[in-house]
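Worth knowing before you read on, the calculation uses all heavy atoms, side chains too, and leaves out hydrogens, waters and symmetry mates. Note that this is a predicted model, so its numbers are computed, not measured. In what follows, every chain begins at residue 1, and chains take the letters A, B, ... in the order their sequences are listed.
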2 protein chains.
Amino acid sequence: MTRSISPNDLMIRRLQSIHPLSNEEVRALGELPLEVASLESGHDIVRMGDRPKQCCVVIEGCTCIYKLTSEGGRQIMAIHVPGDIPDIQSLHLGLMDFGLAAISACTVGYIPHEKIQQMCEAHPRLGVALWRETLIDAAIYRDWMLNIGQREAFGRVAHLVCELMVRLKAVGLTEGDSFKFPVTQANLADAFGISSVHMSRVYGALAASGLLKVTRSRIQVLDWDELLEAGDFDPTYLHLEKSAPA
Amino acid sequence: MTRSISPNDLMIRRLQSIHPLSNEEVRALGELPLEVASLESGHDIVRMGDRPKQCCVVIEGCTCIYKLTSEGGRQIMAIHVPGDIPDIQSLHLGLMDFGLAAISACTVGYIPHEKIQQMCEAHPRLGVALWRETLIDAAIYRDWMLNIGQREAFGRVAHLVCELMVRLKAVGLTEGDSFKFPVTQANLADAFGISSVHMSRVYGALAASGLLKVTRSRIQVLDWDELLEAGDFDPTYLHLEKSAPA
DNA sequence: CGGACATTTGAACACTCTCAAGATTTGTGG
DNA sequence: CCACAAATCTTGAGAGTGTTCAAATGTCCG
């Protein structure tokens, strides 16, 4: 079912989903050299304080951006799926103000900053596409802040499931009404700003309401309309070229 | 004390604080045409769903970015001070996914997108500076998410006061250990994801602890070291060229 | 089949909320 | 310059959502 995809393809799909690209631009993206690596869950890809000289592309699995408080709390502020470039901001913000880690077993690719810079000079519209990508990252942060600050835990979870469904569909990684999602509840709890105990209870409530069916490696949406309602979800902030869900 | 500042000057100061600029670049920024307007608190500058053809620069007072839930909750996800360009993202993200409003009486300036585009073509390094500015906006979102998701209300407020002190100092708008801040507690509550009743209690607690002295239009820091501690504050995420506080 | 890790469940507690009333401050008109 | 209206802030009390601690159950991998 999952035919072998060239490592660059998912990144191209992702960029195409937010910005029209010419054949030549697609070719330029396809020619970016990608050093592929397999990581186990929990692996720190880039640490706060680092000054990376390359960008990371997610090829398989999920990564996250996180920060810690001095009290030991961890907030996950972004979850990445295949095609995403989690640390694209390092191109112009040398010093990392957050950590980037794998939250599932995953495959990533590394591209030297230098190669990206050269590509942007040769194809200025790709530079704009990347800028736009960073702006959409920010739009997602805004939506997460609304989610965390104003909704109860039940709604927060519903909202994220809607978001993931739409983002994964845009790169062709949904399978009907479900998608692969091997992220632990403890990690999700850190993304919602709740305890892992409560996370378990909320998942239970979502299942009891007949909205979702969840296993350790997959989420299945049983009632998309009710889920949209529960998550108060509007995909505008994802700024996709065309965004029709499930 | 506050000698008359040209409307463009604060924006230039802000950009200089995050990116070195040549004299020629400063001149180009100074020549941007700015249509100045006075707004009263509560005025909506740009609405969600709009497609603005200009950017807004804050000259005096405070503006905020916000989103609403269908339940009527409002989350403020950014507060802007003079020199900031709140909707700079509209340059490459045509559709507004958030609202921009004045949260104090304020003076703003409008610059047509077209003029900014022309400036970026003539001075590519200014384009990079603006990209960098949007990346720092995102870095601030990340920090707010950590604040809202992982800290108790007391720490959230302490953290924001630290941030404002540093940002205002960078554009020369602090007065010793205090700064002008005519924002209501109800607005702040929406920024912290708490009720206005609790906001009042937290301000009380901060004052009782001897960290702050607050009036309706001004915040005075009484104990900077304790405030840093209480807010668990590290200014790295602001990405200022040199960031020495109070 | 054992062991590490992840999830579930119960119970007491805490931070924050809502509702409601009272106290202050600010702005405006006389 | 005073008086009143509107907005903002403060304070009290009861209710909730989510927390912590602790132990039991379940799942995956070597």
Sugar-phosphate, base or nothing in reach of Thr184(A), heavy atoms under 4.0 Å:
sugar-phosphate
Would you say that more than 12 heavy atoms from the other residues, nucleotides or ligands in this model lie under 6.0 Å from the CD of Gln150(B), or not?
yes
Value in whole Å for how far the P atom of dG18(D) lies from CD1 of Ile194(B):
16 Å
By salt bridge (charged side-chain N to carboxylate O under 4.0 Å, His left out), which residues pair with Arg156(A), not counting sequence neighbours?
none
Describe, in one word, how the ring planes of Trp224(B) and Phe233(B) are oriented to each other, choosing from parallel (under 30°), tilted (30 to 60°) and perpendicular (over 60°).
perpendicular
Partners of Asp232(A) by salt bridge (charged side-chain N to carboxylate O under 4.0 Å, His left out), sequence neighbours excluded?
Arg151(A)
Is there a side-chain contact (heavy atoms from CB on, under 4.5 Å) between Phe98(A) and Gln89(A)? Walk through the geometry before answering.
CA-CA 11 Å; Phe98(A) 59 82; Gln89(A) 98 300 335; 3.5 Å; yes
Can you list the residues that meet the side chain to side chain contact (heavy atoms under 4.5 Å, CB included) rule with Ser38(A), with sequence neighbours excluded?
Thr107(A)
The first and last nucleotides of DNA chain C lying within contact of chain A, meaning any atom under 4.0 Å from one of its heavy atoms, run from dA6(C) to dA11(C)
Which part of the nucleic acid does Gly42(B) contact within heavy-atom distance under 4.0 Å: base, sugar-phosphate only, or nothing?
nothing
Suppose we screen for side chain to side chain contact (heavy atoms under 4.5 Å, CB included). Which residues come up paired with Asp44(A), at least two apart in sequence or across chains?
Arg47(A), Tyr66(A), Ala101(A)
Set of residues satisfying side chain to side chain donor-acceptor pair (under 3.5 Å) with respect to Glu133(A), sequence neighbours excluded:
Arg14(A)
Where protein sits on nucleotides 10-17 of chain D, one letter per nucleotide: B base, S sugar-phosphate only, - none, heavy atoms under 4.0 Å:
BBBB---S
Rounding to 10 degrees, work out the angle separating the end axes of the helix from dC1(C)-dG30(D) to dG30(C)-dC1(D) (five pairs an end).
50°
Under the side chain to side chain donor-acceptor pair (under 3.5 Å) test, which residues partner Asn187(A), sequence neighbours left out?
Arg74(A), Thr184(A)
Contacts of Arg13(A) meeting side chain to side chain donor-acceptor pair (under 3.5 Å) (sequence neighbours excluded), chain-then-number -> none
By nearest-heavy-atom nucleotide on DNA chain C, the more 5' of Arg216(B) and Phe154(B) is Phe154(B)
Does either side chain, that of Tyr141(A) or that of Arg142(B), offer a donor lying less than 3.5 Å from an acceptor on the other one?
yes
Step by step, work out the side-chain contact (heavy atoms from CB on, under 4.5 Å) result for Lys180(B) and Arg218(B).
CA-CA 4 Å; Lys180(B) 200 176 161 208; Arg218(B) 177 166 294 276; 4.0 Å; yes
Is there a residue in residues 69-80 of chain B whose heavy atoms reach under 4.0 Å of DNA chain C, and which residues are they?
none
I'd like to check the side chain to side chain donor-acceptor pair (under 3.5 Å) partners of Ser90(B); sequence neighbours left out, ordered by chain and number.
His113(B)
